[in-house]
Q: 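Before we start, here is the structure in question, set down as structure tokens.
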Amino acid sequence: MPELAEVEFYRKQWSPGLGQTIEKVLLHPKARIFREADSTAIGKALKGSRLVDSLAHGKQMCFRFSNDSWLGIHLGMSGRLQTAHPEIVPSRHEHLVLVTDKLALVFTDPRMFGKVLHDRSASPPVWWAGLPPQPQESAFDRKRFREILSRHPRQPLKALLLDQESFPGVGNWMADEILWRARIHPASRPLELSAYKRGQLFGKVKEVCADALRVIGTDWGNPPDSWLFNHRWKRGGTCPVSGQPLEFITVGGRTTCYSPAIQKA
DNA sequence: CCCCATGTTCGACA
DNA sequence: GTGTCGAACATGGG
């Protein structure tokens, strides 16, 4: 599930734990989500510390603890965060559980494409400090956008939008939504774009990020039918702009939904 | 049984 | 270096 807005939604699911002390850490030490971290060290470091802050950047989250501990979480394809009763007995897919006296903070991930990072340091670790500007920020301006396009002149736009160094947080449905609103064919390349289409694309990147954060990122609301979103999930869907059938192709190795009637090039 | 999945990474190749 | 492609990861759902 998790793209920009879903990640923001899940980040907030742990907010009830802010300010609380972690009394117990339950984890499956050999789970694949710990492949880039030392799960034993995480257990030791977090126990007795207080959760003081949480942040999201693209698809990456960062939870800061009182003893200079930084916990990074990436949700991968099937990860999610939630709270539970402090007496929780973790099930098979609940790989990391932080227990306070009031509640439990739970990271669940059946497919385990997600991952956990951890560092102890006074300043933010490199995996957090080194992230590129997010498309919804003002630092992501037309200059940055132009640079991205000129650096990848022949990348199909669908593939480029999925590049996390370029558009951190954009995932499969957002990329399709952006191209559909900009009326650009997903396989078009930056080289082929008119100045007008480039301007459209920049605007729709901003618009879809803002819309997604507002509608899904706050309370996982259901987007209106005027978005591509509600029409793309099953075959046989119809483009809400043209009334023509939606089609599915593979671009950049990913299933891509688009409306041939309005996304010609 | 088959195919598909809102993600990332790696290796082979042109 | 650029870009493409397929496979891999592990599990569940239709």
Side-chain angles (χ1 to χ4, degrees), chain A residues 1-11 13 28 30-37 56-61 72-81 90-96 107-117 127 130-132 134-136 147-180 186-192 205 208-209 211-213 215-217 220-223 227-237 246-258:
Chain A
M1 307 213 153
E3 300 179 27
L4 185 67
E6 292 90 348
V7 169
E8 173 61 11
F9 173 83
Y10 282 126
R11 177 190 69 82
Q13 297 310 107
H28 302 315
K30 309 271 283 188
R32 193 182 137 78
I33 60 155
F34 294 114
R35 62 195 175 279
E36 291 179 30
H57 185 115
K59 298 176 187 171
Q60 181 69 48
M61 287 177 287
I73 294 184
H74 192 294
L75 296 170
M77 194 81 105
S78 59
R80 61 178 193 272
L81 301 186
S91 66
R92 183 158 83 106
H93 299 310
E94 294 170 335
H95 306 294
L96 176 63
F107 174 23
T108 310
D109 186 5
R111 289 173 73 180
M112 291 188 287
F113 292 170
K115 67 179 174 188
V116 171
L117 302 169
W127 51 259
L131 297 169
Q134 304 181 94
Q136 73 272 29
E147 285 165 359
I148 290 169
L149 293 194
S150 54
R151 206 173 304 139
H152 305 277
R154 298 172 196 283
Q155 270 266 327
L157 284 166
K158 172 62 183 282
L160 184 51
L161 285 166
L162 292 176
D163 172 18
Q164 298 301 294
E165 281 298 311
S166 301
F167 300 94
V170 173
N172 207 33
W173 80 253
M174 288 180 75
D176 287 353
E177 185 81 31
I178 289 164
L179 291 165
W180 174 76
S188 306
R189 300 154 199 277
L191 214 51
E192 307 158 357
V205 166
V208 169
C209 288
D211 283 355
L213 285 167
V215 174
I216 296 167
W220 206 294
N222 193 25
W227 296 20
L228 177 63
F229 187 92
N230 282 341
H231 307 269
R232 60 160 297 145
W233 301 111
K234 54 187 185 307
R235 308 287 145 144
L246 295 169
E247 283 190 17
F248 294 85
I249 54 176
T250 298
V251 185
R254 304 294 301 280
T255 296
T256 298
C257 174
Y258 79 114

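Protein chains get the first letters and strands the later ones, always in sequence-line order, with residue 1 at the start of each. All of these numbers come straight from a predicted model, not from anything done at the bench.
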Q: In whole Å, what is the span from the CZ atom of A:F167 to the P atom of B:dT8?
A: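 About 15 Å, once rounded to whole Å.
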Q: If we take the C1' atom in both B:dC1 and C:dC9, what is their distance in whole Å?
A: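 Here B:dC1 and C:dC9 have their C1' atoms 22 Å from each other.
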Q: So, using ring-ring contact (aromatic ring centres under 6.0 Å, His included) as the criterion, who are the partners of A:H57 when residues are at least two apart?
A: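 Residues passing ring-ring contact (aromatic ring centres under 6.0 Å, His included) with A:H57: none at all.
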Q: Please encode protein proximity along nucleotides 9-14 of chain B as a string of B, S and -, counting only heavy-atom distances under 4.0 Å.
A: ------
Q: Please list, chain by chain and in numerical order, all residues satisfying salt bridge (Lys or Arg N to Asp or Glu O under 4.0 Å) with A:R11, sequence neighbours excluded.
A: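 For A:R11, the residues satisfying salt bridge (Lys or Arg N to Asp or Glu O under 4.0 Å) (neighbours in sequence not counted) are A:E8.
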Q: Just checking A:R189: base, sugar-phosphate only, or nothing, at a heavy-atom cut-off of under 4.0 Å?
A: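 Sugar-phosphate, no base atom in range.
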Q: Nearest whole angstrom, please: distance from the P of B:dA5 to the CG of A:L162.
A: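 Checked: the CG to P distance equals 13 Å.
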Q: State whether A:H152 places a side-chain N or O below 4.0 Å from either non-bridging phosphate oxygen (OP1 or OP2) of C:dT2.
A: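 Answer is no, no contact under 4.0 Å.
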Q: What's the closest nucleotide to the side chain of A:Q155 if the choices are B:dG7, B:dT8, C:dT4?
A: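 So the nucleotide nearest the side chain must be C:dT4.
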Q: Considering residues at least two apart in sequence or located in another chain, which fulfil the salt bridge (Lys or Arg N to Asp or Glu O under 4.0 Å) criterion with A:R189?
A: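 For A:R189, the residues satisfying salt bridge (Lys or Arg N to Asp or Glu O under 4.0 Å) (neighbours in sequence not counted) are A:E192.
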Q: Nearest whole angstrom, please: distance from the P of C:dT2 to the CZ of A:R151.
A: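 In whole Å, C:dT2 P lies 10 Å from A:R151 CZ.
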Q: Within this structure, what is the CG-CG distance for the pair A:D211 and A:L213, rounded to the nearest 0.5 Å?
A: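 With rounding to 0.5 Å, CG (A:D211) is 9.5 Å from CG (A:L213).
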Q: Does A:F9 have any ring-ring contact (aromatic ring centres under 6.0 Å, His included) partners at least two apart in sequence or in another chain, and if so, which?
A: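 Per chain and number, A:F9 pairs via ring-ring contact (aromatic ring centres under 6.0 Å, His included) with A:W220.
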Q: Consider the side chain of A:T255, meaning its heavy atoms from C-beta on, and name the nucleotide among C:dT4, B:dA5, B:dG7 that approaches it most closely.
A: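 From the listed options, B:dA5 comes nearest.
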Q: Considering non-hydrogen atoms only, spot the tightest contact between A:W233 and A:W173 and give its length.
A: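 What the structure gives for the nearest pair is CH2-CB, 3.8 Å.
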Q: With sequence neighbours excluded, tell me which residues meet side chain to side chain contact (heavy atoms under 4.5 Å, CB included) with A:F34.
A: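 A:F34 satisfies side chain to side chain contact (heavy atoms under 4.5 Å, CB included) with A:L27, A:A31, A:S39, A:I42, A:L96, A:V116 only.
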Q: Which parts of nucleotides 5-14 of chain C does protein reach within less than 4.0 Å, heavy atoms only, written one letter per nucleotide 5' to 3' as B for base, S for sugar-phosphate only and - for none?
A: ----BBBS--
Q: According to salt bridge (Lys or Arg N to Asp or Glu O under 4.0 Å), who are the partners of A:E247, at least two apart in sequence or on a separate chain?
A: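 None.
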Q: Under 3.5 Å, which donor-acceptor pairs do the side chains of residues 155-168 of chain A form with other protein atoms, sequence neighbours left out?
A:
unit_1, atom_1, unit_2, atom_2, d
A:K158, NZ, A:N172, OD1, 2.7
A:K158, NZ, A:D176, OD1, 2.8
A:K158, NZ, A:T255, O, 3.4
A:K158, NZ, A:T256, OG1, 2.8
A:D163, OD1, A:E165, N, 3.1
A:D163, OD2, A:S166, OG, 2.8
A:Q164, OE1, A:G169, N, 2.9
A:Q164, NE2, A:L162, O, 3.0
A:Q164, NE2, A:V170, O, 2.9

Q: Quickly work out the A:M77 CE to B:dC4 P distance and round it to whole Å.
A: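 Rounding to the nearest Å, CE of A:M77 and P of B:dC4 are 13 Å apart.
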Q: Taking atom CH2 of A:W227 and atom CD of A:E177, what is their separation to the nearest 0.5 Å?
A: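 Reported to 0.5 Å precision, the distance equals 6.5 Å.
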Q: Can you check the distance between C:dT4 and B:dA5, where both ends of the measurement are the C1' atom (answer in whole Å)?
A: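 It comes out at 22 Å once rounded to the nearest Å.
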Q: Which residues pass the ring-ring contact (aromatic ring centres under 6.0 Å, His included) test with A:Y258, not counting sequence neighbours?
A: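 By the ring-ring contact (aromatic ring centres under 6.0 Å, His included) rule, A:Y258 matches A:H185.
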Q: Output all residues satisfying salt bridge (Lys or Arg N to Asp or Glu O under 4.0 Å) with A:K115, sequence neighbours left out; order by chain, then residue number.
A: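 Partners of A:K115 by the salt bridge (Lys or Arg N to Asp or Glu O under 4.0 Å) criterion, ordered by chain and then number, come out as A:E36.
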Q: A:E165 has an atom CD; how far is it from atom P of C:dT2, in whole Å?
A: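 Atom-to-atom, A:E165 to C:dT2, this comes out as 13 Å.
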Q: Taking atom P of B:dG7 as reference, at what distance in whole Å does atom CH2 of A:W173 sit?
A: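 Taking atom P of B:dG7 as the reference, CH2 of A:W173 is at 11 Å.
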Q: Give DNA chain B the dot-bracket treatment, 5' to 3': Watson-Crick (N1-N3 with N6-O4 or O6-N4) or G-U (N1-O2, O6-N3) under 3.5 Å, [ ] crossing, | other strand.
A: .||||.||||||||
Q: Could you work out the separation of C:dG1 and B:dT8 based on their P atoms and round it to a whole Å?
A: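 One P to the other, the span is 22 Å.
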Q: Find the distance A:L191:CG to C:dT2:C1' and express it as a whole number of Å.
A: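 Between C1' of C:dT2 and CG of A:L191: 13 Å.
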Q: Check the distance between B:dC3's P and A:F248's CZ and give it to me in whole angstrom.
A: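 For the pair A:F248 CZ and B:dC3 P, the rounded distance is 18 Å.
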